[in-house]
Asker: 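Structure incoming, see below.
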There are 2 protein chains.
Amino acid sequence: MPSPAAPASAATPAAPTRSARDRILDAFEDLLAEQSERAATLEAVAARAGVSKGGLLYHFASKDALVDGVLERFAADLAQDIEHMRAAPDGPVSYFLRTSIPSDNRLERVIVAIARLAQASDARASDALADAQRLWLSELEAVVGDRMVARTIMLIGDGMYYNSALLPAANAVLRDETDVQQLIALVERLSARD
Amino acid sequence: MPSPAAPASAATPAAPTRSARDRILDAFEDLLAEQSERAATLEAVAARAGVSKGGLLYHFASKDALVDGVLERFAADLAQDIEHMRAAPDGPVSYFLRTSIPSDNRLERVIVAIARLAQASDARASDALADAQRLWLSELEAVVGDRMVARTIMLIGDGMYYNSALLPAANAVLRDETDVQQLIALVERLSARD
DNA sequence: GTCTATACGATGATAGAC
DNA sequence: GTCTATCATCGTATAGAC
């Protein structure tokens with residue numbers, strides 16, 4: 001039941017009126033993250049977004065344009081994540097590790113999607129991931145002091161992504177909240193010494 | 001200079017006479033690891049192996065058969081790696097971390113190749129990687145005692161693979177032998193306590 | 001602004017010559 | 001054992017109707 005007083009084109013981001021453009025990008029990301037780069041064909045994306053192939057190509061003239069759209073949204077999400085990381089009550093390290101765990105988090109899904117594009121030899125996607133790594137690493141280095149400890153934490157986070165992106169979910173190295181807490185405690189012991 | 005006394009069909013694994021079958025599997029792995037799953041078409045594989053598409057299809061009736069061939073060789077390589085890990089002079093942990101660094105190592109290359117297949121939704125490839133993880137993890141657990149420390153070491157190794165498989169080489173988190181030594185020292189400090 | 005129809009290229013696979 | 005057609009299928013992209 002749409003609000004009668006709302007102007008026709010008012011943005012209601014998470015509601016039924018989510019713009020076709022956003023629905024298409026969502027569909028593309030979903031197919032990449034949940035299935036594979038090969039599965040994310042124009043036809044499949046269109047079907048999932050509830051538009052026709054022609055309709056999709058009206059919004060994004062080519063598959064490359066679709067990739068650009070995903071990367072643009074990612075840049076914005078990433079900037080926001082860095083903010084959250086800085087403001088996190090338990091500190092950036094804990095925040096970083098927690099958000100590296102596969103979840104329903106939007107950022108997680110986009111990163112897996114972009115990782116799939118990177119594997120399909122898309123240089124823009126690889127660059128975007130490399131940029132993100134640099135940002136996170138510099139945040140980590142700022143708080144842990146030791147350069148090598150910061151890098152080790154990055155590698156652990158990377159490992160979590162790798163696992164969730166590549167392996168059957170049943171094989172997650174970390175299974176529940178207890179595992180996560182233990183890992184964080186372990187890593188903080190690392191950064192506390194030296 | 002082939003040994004004159006050798007029977008015509010004697011195996012000379014690394015020499016010019018490397019069987020067509022092996023050359024084809026090598027070419028497939030190379031294309032997967034150095035480029036992408038999409039780049040590893042039957043034609044490209046045949047060209048790199050120095051045979052025609054028809055010639056390739058004589059040895060491997062389908063692309064699926066090609067994947068099976070790679071997975072079979074991987075299983076053998078993996079078993080050998082576990083042996084080496086157990087016998088390593090510096091211990092399994094150091095061995096594991098060192099061999100997780102991107103190099104010209106055969107096993108490395110195969111794993112990246114299989115990771116690419118896994119990303120392309122090949123369930124057999126995902127399973128093979130999950131099996132390998134289980135094996136490594138159980139070796140690590142056997143020596144470090146603490147379950148969580150062993151898992152953390154696995155994650156670090158996974159992170160290294162992820163980086164080498166996905167990002168431009170220039171972005172490696174670990175750059176030289178000094179980095180590696182520092183990381184190993186750091187991790188051994190982890191396993192020494194508790 | 002969205003859809004249908006169609007062109008075009010590339011890929012996996014088959015049949016059969018040598 | 002290896003190669004040369006050749007085919008069917010699918011994915012990207014264009015043109016144009018509604």
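All values below were derived from every heavy atom in this structure, side-chain atoms included, with hydrogens, water molecules and symmetry-related copies excluded. Chain A is the first sequence line, chain B the second, and so forth, proteins listed ahead of strands; every chain is numbered from 1.
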Asker: Would you kindly give the CZ-to-P distance between B/F60 and C/dT14, to the nearest whole Å?
Answerer: 16 Å

Asker: Rounded to the nearest 0.5 Å, how far does CD of A/E29 lie from CZ of A/R48?
Answerer: 11.0 Å

Asker: Treating primed atoms plus P, OP1 and OP2 as sugar-phosphate and everything else as base, which nucleotides of nucleotides 11-18 of chain D get B, S or - for protein heavy atoms under 4.0 Å?
Answerer: SBBB----

Asker: Between A/R109 and A/D30, is any pair of side-chain heavy atoms under 4.5 Å apart?
Answerer: yes

Asker: Salt bridge or not between A/R147 and B/D179? Use side-chain N to carboxylate O under 4.0 Å.
Answerer: yes

Asker: I need the minimum non-hydrogen distance between A/L190 and B/R189, along with the two atoms involved.
Answerer: O-NH2, 3.7 Å

Asker: Given atom OH of B/Y58 and atom C1' of C/dT14, what is their separation to the nearest angstrom?
Answerer: 17 Å

Asker: Name each donor-acceptor pair under 3.5 Å that joins a side chain in residues 74-81 of chain B to protein atoms two or more places apart or in another chain, with its distance.
Answerer:
from, atom 1, to, atom 2, distance (Å)
B/D77, OD2, B/R106, NE, 3.3
B/D77, OD2, B/R106, NH2, 2.3
B/D81, OD1, B/Y95, OH, 2.7
B/D81, OD2, B/W136, NE1, 3.0

